[in-house]
Every structure is written in structure tokens, then in C-alpha cells.
2 protein chains.
Amino acid sequence: MFLSTSHNKIDLKCRVSIPASFRVNLEKSNESLILFKCLQFKCIEGTTSTRMQAYINAIDELDALSDDAFLLRMMMADSFEIKFDINGRVVIPDTLMNFAELSDKAVFMGIGESFYIWSPSEYENQYMKSKKILKEKGPPKLILKKN
Amino acid sequence: MFLSTSHNKIDLKCRVSIPASFRVNLEKSNESLILFKCLQFKCIEGTTSTRMQAYINAIDELDALSDDAFLLRMMMADSFEIKFDINGRVVIPDTLMNFAELSDKAVFMGIGESFYIWSPSEYENQYMKSKKILKEKGPPKLILKKN
DNA sequence: TGGGATAACATGGGATTTTATGGTAGTCAA
DNA sequence: TTGACTACCATAAAATCCCATGTTATCCCA
């Protein structure tokens with residue numbers, strides 16, 4: 001599980017340290033890391049190769065001409081399998097740097113099965129937005145168990 | 001897994017570098033590369049010999065006289081097993097160059113089990129189309145389930 | 001519980017290897 | 001003998017590896 005938030009520096013080579021707890025999470029299940037353009041927000045989403053493989057398998061189940069299949073294929077095209085260096089850093093591909101408007105700082109936000117990488121300002125926006133919704137509409141009604 | 005997108009040059013001999021990550025993907029499973037006319041789009045589709053074998057097997061499951069079987073057999077007829085040169089380049093057969101309207105640039109787009117090779121302009125069209133669908137219809141249901 | 005020793009982590013920089021791509025020489029067939 | 005195709009060599013740019021270092025977190029023992 002990816003949990004917690006941390007702020008790391010992106011250097012001139014677009015290298016950034018993946019938070020140690022996220023790395024451990026990947027290592028202990030022997031999975032590689034996939035980064036891709038988040039479909040809902042202006043940020044990068046990171047997840048495990050197993051999870052990505054599940055999406056890929058799902059494509060074959062869909063009508064090849066459907067909109068969903070089309071979007072999923074595009075998602076693959078905007079995804080990258082990422083290698084760590086010996087210090088636990090990764091290089092963020094240019095495409096993703098631009099998409100999430102990252103420059104010299106990254107905010108890592110664990111959300112369970114995956115995590116987000118935000119620019120500090122976009123992170124701030126989303127954080128404020130969540131506080132506002134919480135204030136106006138109250139806490140979410142969570143359904144932990146079905147039937 | 002074939003992931004990510006890259007733009008490579010096609011030279012006068014119709015040679016083009018297959019992106020390194022795609023090559024690694026083929027090498028590590030010791031598979032050869034098959035290129036063929038994509039059935040859905042004006043592009044070349046590339047995949048592994050094993051997956052191509054799966055297509056061939058699938059034809060046998062179909063009614064031999066059906067239109068589907070006919071189309072799939074036609075697809076096989078325009079498929080090529082491709083050899084790499086020492087630098088990881090391949091020569092794109094004339095038939096496929098013409099079919100995908102390629103000239104001096106190719107866009108490689110990984111879509112999981114296989115990849116597409118587009119002309120830059122056709123790629124741009126498809127990319128724009130996906131943005132539009134995403135905006136109008138939102139992300140695929142599959143994605144929303146995951147968190 | 002305090003505080004020093006040790007390990008882990010984040011980050012910088014330089015050396016080395018890969019990659020993409022242009023070119024040339026050799027081979028085979030018409 | 002010419003033209004097409006293939007194998008191989010060369011090179012610049014980019015990606016990757018590896019070492020160094022300061023800082024933070026953790027451990028361990030008094």
C-alpha cells in the first residue's frame with residue numbers, strides 16, 4: 001500500500017528520490033514501477049507493473065473499437081516502466097514532467113493502490129479544494145463492506 | 001509489455017530504430033517481431049510471434065467461411081517477420097510504408113501487448129481524438145474502480 | 001531517558017554505456 | 001554490371017551507473 005505524503009527535490013536531470021516507503025512496497029512484492037499521465041488530474045500517477053498488466057488484459061476483453069478500449073490504449077502510450085538507480089531515484093520522462101508541469105519540486109501522495117506526483121502548486125490547489133468540500137458537504141460516507 | 005511513445009526517424013532505406021524498451025521486451029522473452037497492417041487504424045501494428053500465433057489459433061475457432069475469418073486471413077497475408085540489424089533497426093516493408101502513409105518519421109506507441117507505428121500526422125489525429133473522448137465521456141469505468 | 005554511534009535517506013556530480021542515426025563495404029540476383 | 005539488400009562501422013547525444021556527501025532517522029547502551 002502506498003500511504004503518506006512527502007516533498008522531494010527534482011534535480012536538473014529530472015531525477016527524484018521515490019519515498020523509501022513506496023520503494024519498499026514495490027521491492028517486497030518484486031514489482032517494477034509504472035508512471036503514467038493521470039486521467040483525472042494534472043499529475044503523474046504511479047503504480048505497480050501487476051496493476052498495469054491488469055489494465056492491459058482488460059483491453060482484450062473490450063470491444064476493440066469501443067471508446068474505453070481507445071482510452072486505455074492511449075493510457076498505455078502515456079505510461080513508462082521506470083528503473084531505479086542504486087540510490088532509489090528515478091528519472092521522470094519529459095512527457096510526464098510537462099504534463100504535470102513539474103520543475104524542481106515534487107509532492108508524493110500515496111492513495112493506496114497507487115500514488116500521485118504533483119507540482120507543489122497543483123498539490124496546494126487540490127488540498128484546498130478538499131478542505132472546502134469537507135467543510136461544505138461534511139465527511140464522505142464510506143462503504144467499507146458490500147453485502 | 002509495450003509502453004510509452006517515441007518519435008524516430010525513418011531513413012532513405014526505410015530503416016528505423018525500434019525503441020530500446022520495445023526491443024528489450026522482445027529479447028527477454030526471446031521472441032521475434034511481427035509487423036502487420038492494423039485492422040482498426042491506418043497504422044502498422046507490431047507484436048510478438050507468440051501473440052501472432054494466438055491470432056492464428058483464433059481464426060481456427062471461427063466459422064471458416066465467415067467475414068471475420070476472411071479478414072483475419074488477409075491480415076496474415078500482409079504480416080512480416082522482421083529482423084533487426086546490429087543497432088536495433090529494422091527495415092519497414094514497402095507494403096506497410098504505403099499502408100500507413102509513412103515517409104521520414106514514425107511514431108511508436110506502446111499499447112500493452114503490442115504497439116502501433118503511425119505517421120506523425122495520423123498520430124496527432126488519434127491523440128486529439130482521445131483527448132476529446134476523455135473530456136466528453138470521462139475516464140473508462142475500469143479506471144474508476146481501482147482506488 | 002539521554003546522547004553518541006550507526007544506518008538509512010536524499011541529493012550532487014562525473015564517468016561510462018546505450019541509443020539513435022548516418023554512412024560504407026560486401027553479397028546476391030537479375 | 002547494376003541495383004537492391006544486408007551486414008557492419010562510426011559518432012554525437014542522451015540515458016544510466018556509480019561514487020561522494022550532508023542530513024535525517026534509528027538504534028543501543030549507559
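Quick note on labels: first sequence line is chain A, next is B, and so on, each numbered from 1. Just so you know, these numbers use all the heavy atoms, side chains as well, and skip hydrogens, waters and symmetry mates.
For Phe108(A) and Trp118(A), the ring centers are positioned 6.0 Å apart or more.
Of all heavy-atom pairs spanning Asp78(A) and Leu96(A), the tightest one is O-CD2, 4.0 Å.
What separates CD1 of Ile86(B) from C1' of dT18(C) is a distance of 14 Å, to the nearest Å. Remark: C1' of dA15(D) and CD1 of Ile82(A) are 12 Å apart, rounded to the nearest angstrom. The separation between Glu27(B) atom CD and dT19(C) atom C1' is 13 Å, rounded to whole Å. Atom CG of Asp85(A) and atom P of dT17(C) are 17 Å apart (whole Å). Atom CG in Asp104(A) sits roughly 10 Å away from atom P in dG12(C) (whole-Å rounding).
Salt bridge Lys37(A)/Glu45(A): absent, no basic N to carboxylate O contact under 4.0 Å.
Taken residue by residue, residues 1-20 of chain B places heavy atoms nearer than 4.0 Å to DNA chain C at Asn8(B), Lys9(B), Asp11(B), Lys13(B), Arg15(B), Ser17(B), Ile18(B), Pro19(B), Ala20(B). Listed by residue number, the members of residues 87-98 of chain B with any heavy atom below 4.0 angstrom from DNA chain C are Asn87(B), Arg89(B).
Judged purely by distance below 3.5 Å, without hydrogens or angles, the side chains of Glu61(B) and Asn57(B) never pair a donor atom with an acceptor atom.
Interatomic distance, Leu33(B) CG to Met52(B) CE, rounded to the nearest 0.5 Å: 9.5 Å.
The only option from Arg89(A), Met97(A), Lys105(A) that meets the side-chain contact (heavy atoms from CB on, under 4.5 Å) definition with Ile10(A) turns out to be Met97(A).
The aromatic rings of Phe2(B) and Phe22(B) sit perpendicular to each other, their planes meeting at more than 60°, with 30° as the lower class boundary.
Without hydrogens or angle criteria, Arg73(A) side chain to Ala64(A) main chain gives a donor-acceptor distance under 3.5 Å.
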